[in-house]
> 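Just dropping this structure here.
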Amino acid sequence: MTSLQMVMVGRFLVFGNCCCTTASERMRGREHFQLSLVLAGGMTICCQVNRQVVLNHRLQRKQAKLMEPVRTDVLTVTPWLAPIVWEGTFDPQVIDEAFMSQNLTIATTVFAVGRYTRFLRDFLESAEKHFMVGLDVHYYVFTDLPGDVPNNVTLGVGRLLSIVRVPKFDRWQEISLRRMELIQTAIKDHIHRGANYIFCLDVDMRFHGRVGPEALGRLVAAIHPWFYMYPRSQFPYERRTVSTAYIPLDQGDFYYQANIFGGALEDVHRLTKTCREHLEVDKSVGVEAVWQEESHLNWYLLRNKPTKLLSPEYVWDDAKGRDAKEIKLVRFSSVIKDKAEEVISDGKRVISWREGFS
């Protein structure tokens with residue numbers, strides 16, 4: 001595992017890799033009080049906050065109608081009683097009132113390596129409109145091209161951006177395989193000092209609607225938009241026993257997408273540390289899981305159940321269109337990319353994701 005060094009590039013603080021080895025250690029979480037909110041539709045959401053929550057008189061008068069669930073067309077709670085967040089399962093006003101006074105900071109990691117830097121502007125500008133609005137957010141942009149990070153994106157009050165310098169990778173699979181290690185190192189070396197939660201997001205995505213504190217929890221995962229209607233036997237888990245990410249055909253809850261996951265720092269540090277160790281074991285025997293770190297993420301979450309799930313609204317794929325009747329609001333989605341490097345849903349030219357690290 002590598003450590004990180006800080007340098008200045010323009011107005012950004014840059015963290016760069018060095019070759020020294022650091023001891024792996026378990027992050028210790030901060031002391032929190034437990035908050036339980038009864039949401040519209042009868043769903044309960046539990047989040048970690050620092051202070052007692054006091055709602056204003058208008059919101060205190062709202063009554064949770066437990067016998068009148070808003071969503072009956074989708075699953076809103078898992079067999080282990082973790083909430084699944086859909087449009088209509090929470091009251092945004094109640095959620096915001098509960099969290100905005102807590103002085104929370106959300107660390108947000110995003111990898112923009114090689115030509116993927118071209119996605120950064122749209123990612124950041126849409127995030128400033130929709131992602132954790134009203135809360136402090138610290139973006140950590142992992143890139144091998146610090147000079148390509150746009151320096152004229154207007155960030156709101158309490159929003160910061162730091163650049164984490166990473167090596168140039170020859171294959172897109174390599175950055176995928178190293179992602180868990182780099183996030184773990186960043187949490188240990190820097191992020192733990194100034195954040196309450198962390199979200200790990202893909203850069204070739206765009207926010208379209210609210211992704212707010214309703215998404216916060218100890219360990220948060222998003223249900224893959226292509227597989228949420230499939231039986232687990234058809235999930236693209238790693239099925240080879242030689243890999244540490246192996247999941248048998250008769251096991252599995254949901255198939256989670258690695259485009260967005262997060263939670264409390266301690267929990268995400270534990271997740272990334274375990275996945276990194278398993279990736280290294282696989283590499284030592286010449287094995288690469290079918291979907292790299294996403295395969296290992298699914299293995300981990302099968303054995304360490306997420307405390308909150310985000311519905312496919314939070315990780316939609318624009319290639320699926322908008323016809324799914326259960327999707328009331330697309331909040332965060334992968335932009336459409338074709339093999340010819342032509343364009344995509346918003347009329348801007350982008351490049352095939354598998355060719356992004358040439």
Side-chain angles (χ1 to χ4, degrees), residues 4-17 100 103-169 172 175 179 182-183 186 190-191 193-195 197-212 215 259-260 262 314 318 330-337 341-353 355-358:
L4 300 173
Q5 292 180 331
M6 294 184 291
V7 297
M8 292 300 298
V9 175
R11 66 183 182 91
F12 295 134
L13 180 64
V14 180
F15 301 104
N17 283 329
M100 293 309 175
N103 296 320
L104 299 177
T105 296
I106 316 302
T108 305
T109 67
V110 59
F111 284 76
V113 178
R115 296 181 180 181
Y116 265 47
T117 55
R118 68 179 64 190
F119 294 109
L120 264 174
R121 180 176 299 279
D122 284 347
F123 173 90
L124 291 169
E125 289 179 349
S126 66
E128 284 300 290
K129 294 178 181 177
H130 302 293
F131 180 64
M132 299 296 169
V133 175
L135 297 178
D136 291 349
V137 171
H138 192 155
Y139 301 102
Y140 292 86
V141 177
F142 292 72
T143 183
D144 59 339
L145 299 170
D148 288 356
V149 176
N151 60 9
N152 58 350
V153 175
T154 301
L155 302 180
V157 176
R159 322 273 282 199
L160 303 173
L161 187 152
S162 296
I163 295 174
V164 184
R165 187 190 295 271
V166 298
K168 178 178 175 59
F169 297 99
W172 64 266
I175 186 60
R179 182 184 180 194
L182 293 167
I183 293 172
H190 302 287
I191 295 176
R193 300 192 188 108
Y197 294 92
I198 182 171
F199 269 94
C200 307
L201 308 178
D202 276 6
V203 71
D204 54 336
M205 308 277 291
R206 179 178 296 112
F207 291 90
H208 305 278
R210 172 196 170 99
V211 178
N259 290 15
I260 174 173
Y314 288 81
D318 286 349
V330 172
R331 301 170 184 274
F332 188 48
S333 71
S334 302
V335 297
I336 303 171
K337 300 174 286 295
E341 296 189 11
E342 294 303 328
V343 158
I344 308 208
S345 57
D346 63 347
K348 295 183 179 179
R349 188 173 185 275
V350 297
I351 131 177
S352 173
W353 68 284
E355 300 170 349
F357 300 106
S358 60

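Positions are given from 1 along the sequence. As the structure is a computational prediction, the values presented were derived from the model and not from experiment.
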> Locate the shortest heavy-atom distance separating V153 from E125; write the atom from each residue and the value.
CG1-CG, 4.1 Å
> Measure the CG-OG distance between N259 and S334 for me, rounded to the nearest 0.5 Å.
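OG of S334 is found 4.5 Å from CG of N259.
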> Is any side-chain heavy atom of I163 less than 4.5 Å from a side-chain heavy atom of Y140?
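No, their side chains stay 4.5 Å or more apart.
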> Stepwise, does the side-chain contact (heavy atoms from CB on, under 4.5 Å) test hold for T143 with T117?
CA-CA 8 Å; T143 183; T117 55; 3.7 Å; yes
> What pair of heavy atoms forms the shortest contact from R331 to R210, and how long is it?
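Smallest heavy-atom distance, with atoms named: NH1-O, 2.8 Å.
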> Could you tell me the separation between the CG atom of N103 and the CG atom of L135, rounded to the nearest 0.5 Å?
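The CG atom of L135 is 9.5 Å from CG of N103, to the nearest 0.5 Å.
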> Does a salt bridge link D204 with R115, judged by any charged N lying under 4.0 Å from a carboxylate O?
no
> Tell me the closest heavy-atom pair linking A215 and F199, and the distance in Å.
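Between these two residues, the closest heavy atoms are O-CZ, 3.4 Å.
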> Tell me if the centroids of the rings in F111 and F142 come within less than 6.0 Å of each other.
yes
> Check T108, V110, T109 against V141 for a side chain to side chain contact (heavy atoms under 4.5 Å, CB included) and give me the one that passes.
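For V141, the side chain to side chain contact (heavy atoms under 4.5 Å, CB included) test succeeds with only one of T108, V110, T109, which is V110.
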> Just how far is it from atom CD1 of I106 to atom CD1 of I198, taken to the nearest 0.5 Å?
10.0 Å
> Between N152 and R121, which heavy-atom pair has the shortest distance, and what is it?
OD1-NH2, 2.8 Å
> Which atom pair, heavy atoms only, marks the closest approach of T154 to E128?
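Where T154 meets E128 most closely, the heavy atoms are O-CG, 3.8 Å.
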> Under 4.5 Å between any side-chain heavy atoms of R206 and V335, yes or no?
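R206 reaches V335 side chain to side chain.
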> So which atom in G194 and which in T105 form the shortest heavy-atom distance, rounded to 0.1 Å?
O-CG2, 3.2 Å
> What distance separates R159 CZ from H138 NE2, expressed to the nearest 0.5 Å?
12.0 Å
> Give the C-alpha distance, both sets of side-chain angles, the deciding distance and a yes or no for side-chain contact (heavy atoms from CB on, under 4.5 Å) between V113 and V166.
CA-CA 8 Å; V113 178; V166 298; 4.1 Å; yes
> Sorted by first residue and then second, give each salt bridge (Lys or Arg N to Asp or Glu O under 4.0 Å) pair with at least one member in residues 130-149; sequence neighbours left out.
none
> Indicate whether any N or O donor in one side chain lies under 3.5 Å from an N or O acceptor in the other, for H208 and S333.
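Indeed, the side chains of H208 and S333 share at least one donor-acceptor pair under 3.5 Å.
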> For the CZ atom of F207 and the CZ atom of F332, what is their distance to the nearest 0.5 Å?
4.0 Å
> Start with the C-alpha distance between F119 and D202, add both sets of side-chain angles, then the distance that settles side-chain contact (heavy atoms from CB on, under 4.5 Å), and finish with yes or no.
CA-CA 10 Å; F119 294 109; D202 276 6; over 6 Å; no
> side-chain contact (heavy atoms from CB on, under 4.5 Å) between M132 and V137: does it pass, once the steps are laid out?
CA-CA 7 Å; M132 299 296 169; V137 171; 3.8 Å; yes
> For a 4.5 angstrom cut-off between non-hydrogen side-chain atoms, does C200 reach R179?
yes
> Give, for atom CG of D122 and atom CZ of R118, the distance between the pair rounded to the nearest 0.5 Å.
11.5 Å
